[in-house]
Amino acid sequence: MVAAYFESHKPRDAVLLFDQMPQRNTVSFNSMISGYVKNGMVAEARKVFDVMPERNVVSWTSMVRGYIQEGMVDEAERLFWAMPHKNVVSWTVMIGGLLKESRFEDAKKLFDMMPVKDVVAVTNMISGYCQVGRLDEARELFDEMPMRNVFTWTTMVSGYAKNGRVDVARKLFEVMPGRNEVSWTAMLMGYTQSGRMKEAFELFEAMPMKWVVACNEIITRFGLSGEVNRARMVFEGMKERDEGTWNAMIKVCERKGFELEALGLFVRMQREGVELNFPSFISVLSVCASLASLDHGRQVHARLVRSEFDQDLYVASVLITMYVKCGDLVRAKRIFNRFPFKDVVMWNSMITGYSQHGLGEDALIVFRDMCSSGIQPDEVTFIGVLSACSYSGKVKEGFKFFEAMKCTYQVEPGIEHYACMVDLLGRAGRVDEAMELVEKMPMEPDAIVWGALLGACRNHMKLDLAEFAVEKIAKLEPKNAGPYVLLSHMYASRGRWRDVEVLRKKINARSVVKFPGVSWIEVEKKVHMFTGGDSKGHHPEQPIITKMLEKLGGILRETGYCPDGSFVLHDVDEEEKTHSLGYHSEKLAVAYGLLKVPEGMPIRVMKNLRVCGDCHSAIKLIAKVTGREIILRDANRFHHFKDGHCSCKDFW
DNA sequence: CTTAGTACTC
C-alpha cells in the first residue's frame, strides 16, 4: 500500500500510512526508501536508510540508485563500496550510473570486476560501448553472450544506427528473434538521423503499430525538412498523442512559417487537456514574437505566471524578446527588472531590444549596468551595442566599443561586428570609409556586410558603389532579389528608366525570388494579413479599407504630401504609380488599424520586408494628422511614428 | 538493473 501511494506520486499519504504501521520490517522500510527515490527525494530516503534497524542489499541498492538519479554519483560510489553484500543488480546499477556520467573507463573496470554477470548486466555494458562508439567491442560482447533478449538486440541495433552504420543495423534488425516498439523506433531513427528519409518512411509504413515516439520523430524530421504536409497527416492520423507530439507539430509550424496554425494547435492542445510544458512555452512565445502578436503573447504570459516555469531564466529571456518584438518595451523591461540574477542572454535580450527600437541611449545604459554587475559581455552583446551606436549615430562611441571589445573584454570581433561597423559609418554618411573598412576586414565579407554598404549607398545616393556592392551580393546570394530591387529604386529616383529596364530583365533571366511584401496587424486577438501590390486584396473588409485609404490620400494631399514615385519599380505614368503605392501592404494594415484600434492605443503594424520609403513618409504624416501613435516593425527594426516624426530619424 | 525521444532563448 505504501508503495502504491508512492507510485501515484502521493508521498505524503505514503508517509502517513507508514507512520501508522504497527509493525515494520526491512521490506516496509525498503518501500519507503525506493518510494522516496522514485519521487526524487533522496535526502528523505537517506534519513529512512540511516534509522532503519537492519539493511539488506535492496536497501543499499535503492540508495545508490537514488544518488545516481540526482546526479550525485560520488556519493553513490561511496555507498556502493561500503555495501557489505553486492548482487548483480547493485553492480549493474552502479555501472549504469558511471556510464550516465560518461565515465566509461571506470564503468568498464567495475564490469570486469563483477563476479557474476547476467543478460541485463552485459546488455548494460554493450550499451556503454555503443555510447562511446566502440562498436566492435560491443559486438564482441554481444556475440559471446549465451542468452540475449529483446533489450540486447535493440541495444545493438540502436548502437549501429546511432553511429551511422544504418545498414548493419538493418541486417541485425531483420534477423532479431522478436521486436518491440522500441526496436522499431530505434531503427526508424537510424534512418531519419542519417537523412535517409525515404527508407525512414517505408519503415514507418511497415510498422505493425504507429507508436507515439515514432510518429513524433516522423513529424519533427519530415516537418523540419520542409514536408509539413506529411507531418500534418501523421499528426492528424494519430489516435494517441503525448506532450512531445504537440510540441513537435507546434515547433514545425513555428519554424516553417505557419505561425497562425501553431497558435491554433496551442489552443487545441489546452482544450484537449494537455499540460503546458517547457518546450511548448518556448515555441509559442517564439510564435507570438515572430507574429508580434501582443494579445496572444500576453495570454501566454498569463498562463506562464500560473505555471512552474515562471521563475526560469531561459523562459524569461524568450518572454522579454517576445515583448520586444511586439513593440512593448515597457513590459519587457518590467520582466527584466524582476530578475535579480540575470545571465548574459537576458542582458543581451534587453540590450538588443532597445537597440532594435532605435533607443541607443537606453541600450548603452543597460550595457553599463551589465558590466558593473560583473557579467562578462559576449559577442552577441557587442552586436547589440554596436548597432545601438549605429542606429543613434554615435560613430565615435561605436569605435570606442569596437576597440574595447578586443582589448578590455577579450571578445574577438566577428564578421557580424564588422557589418555593424560598416553600417555605422555608412549611416553617418561616411560611405567611403565604410568601403575602406570592408577592404581591410580580416575575413571575406559576406552578403550582410555588402548589404550594409549597399544600404548606405542608397541613403546617400552613391550609385557607383551601389552597383559594385550589388554585383558582390549577387555572387554570394544569387537567388536574392532584394539588392536588385534596391538598386532599381535608386535608378528610378534618378529617372534612369533604361537602367531599371535592364535590371528587370536581369532579375527575370536569373529567376531570382522576390519575396512578396506582407504586413499584418493584430486586432481583437486576431491577426489580419495584408498582401500589397496592385491586387484587389483578400480581406473581407476590403471596401471600408479602400475608403479609408482614399480619405487618407485626400487629407495627405491637402497637407502637401507628394507620393515619391521612385519607390515603384515600373516606368509608368505618375497616376498609376501613386495608385500602386497606395496599396502597399503596410499602408493597408495601417489603414485597418486606424479603423479598428481604439483611440489612444498605439497601432502596431508588422512587415516582413523593410518599410518602403514612401510609406515611411506617408505614415509619418498619417500619425500627425490623425494624432495616433503608430509602431511599425519591419524586417530590420522598429519605427515609432508620432507627431510627424519617426524614432529612426529617417535612417533605417 | 538493460533498449527509442524532448528543450534551437539574445
Side-chain angles (χ1 to χ4, degrees), chain A residues 57-58 61-62 64-65 68 86-97 99 114 117-128 130-131 145 148-159 161-162 176 179-190 192-193 211-221 224 242-248 250-251 254-255 277-283 285-286 289 309 312-322 324-325 332 336 342-356 377-385 387 416:
Chain A
V57 208
V58 178
T61 310
S62 303
V64 170
R65 187 172 43 236
I68 289 175
K86 305 175 183 70
N87 64 13
V88 207
V89 178
S90 9
W91 284 90
T92 311
V93 168
M94 194 60 237
I95 293 173
L99 287 174
M114 256 178 109
K117 294 162 193 161
D118 64 358
V119 199
V120 178
V122 183
T123 304
N124 189 28
M125 200 58 217
I126 291 180
S127 157
C130 291
Q131 273 170 36
M145 283 173 85
R148 305 176 193 110
N149 60 20
V150 201
F151 287 78
T152 323
W153 281 93
T154 307
T155 305
M156 209 54 234
V157 167
S158 110
K162 274 189 199 139
M176 66 191 281
R179 307 174 190 110
N180 61 17
E181 75 271 29
V182 182
S183 338
W184 280 92
T185 312
M187 193 60 237
L188 176 80
M189 300 192 54
T192 52
Q193 276 163 24
W211 289 288
V212 183
V213 178
C215 294
N216 296 356
E217 177 71 6
I218 288 277
I219 292 173
T220 312
R221 294 281 169 171
L224 292 184
D242 67 1
E243 283 179 6
T245 316
W246 290 96
N247 294 338
I250 291 176
K251 187 164 86 185
E254 185 240 319
R255 283 303 143 88
N277 48 59
F278 191 86
S280 66
F281 271 117
I282 303 278
S283 297
L285 284 174
S286 317
F309 311 106
D312 189 282
L313 272 193
Y314 195 119
V315 178
S317 290
V318 184
L319 195 61
I320 290 173
T321 309
M322 187 276 290
V324 165
K325 294 258 163 79
F336 178 79
K342 311 179 198 4
D343 62 356
V344 213
V345 178
M346 189 177 272
W347 286 101
N348 290 349
S349 313
M350 207 58 233
I351 293 173
T352 35
Y354 277 131
S355 157
Q356 284 166 349
D378 65 2
E379 58 284 354
V380 182
T381 317
F382 283 104
I383 296 178
V385 168
S387 52
E416 306 93 335

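Within every chain, numbering begins at 1; the chains are lettered A, B, ... in the order of the sequence lines, protein sequences first and strands thereafter.
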Which is true for [X] with a 4.0 Å heavy-atom rule: it touches a base, it touches only sugar-phosphate, or it touches nothing?
X	result
A:Lys117	nothing
A:Asp118	base
A:Ser317	base

Under the criteria of a ring-centre distance below 5.5 Å and an interplanar angle below 30°, is A:Trp91 stacked with the base of B:dC1?
no

Is there aromatic stacking of A:Phe151 against B:dT2, centre distance under 5.5 Å, plane angle under 30°?
yes

Determine the interplanar angle of the A:Trp347 and A:Phe336 rings, folded into 0 to 90°, and report it as parallel if under 30°, tilted if 30 to 60°, perpendicular if over 60°.
perpendicular

Heavy-atom nearest nucleotide on DNA chain B taken for A:Gly244 and for A:Leu224; more 5' hit belongs to A:Gly244

Side-chain donor/acceptor contact of [X] with base of [N] under 3.5 Å:
X	N	result
A:Ser349	B:dC10	no
A:Arg65	B:dC1	no
A:Asp242	B:dG5	yes

Spacing between A:Trp246 atom CH2 and B:dT6 atom C1', to the nearest angstrom:
17 Å

Residue-phosphate contact under 4.0 Å: A:Lys162 side-chain N/O, B:dT3 OP1/OP2
no

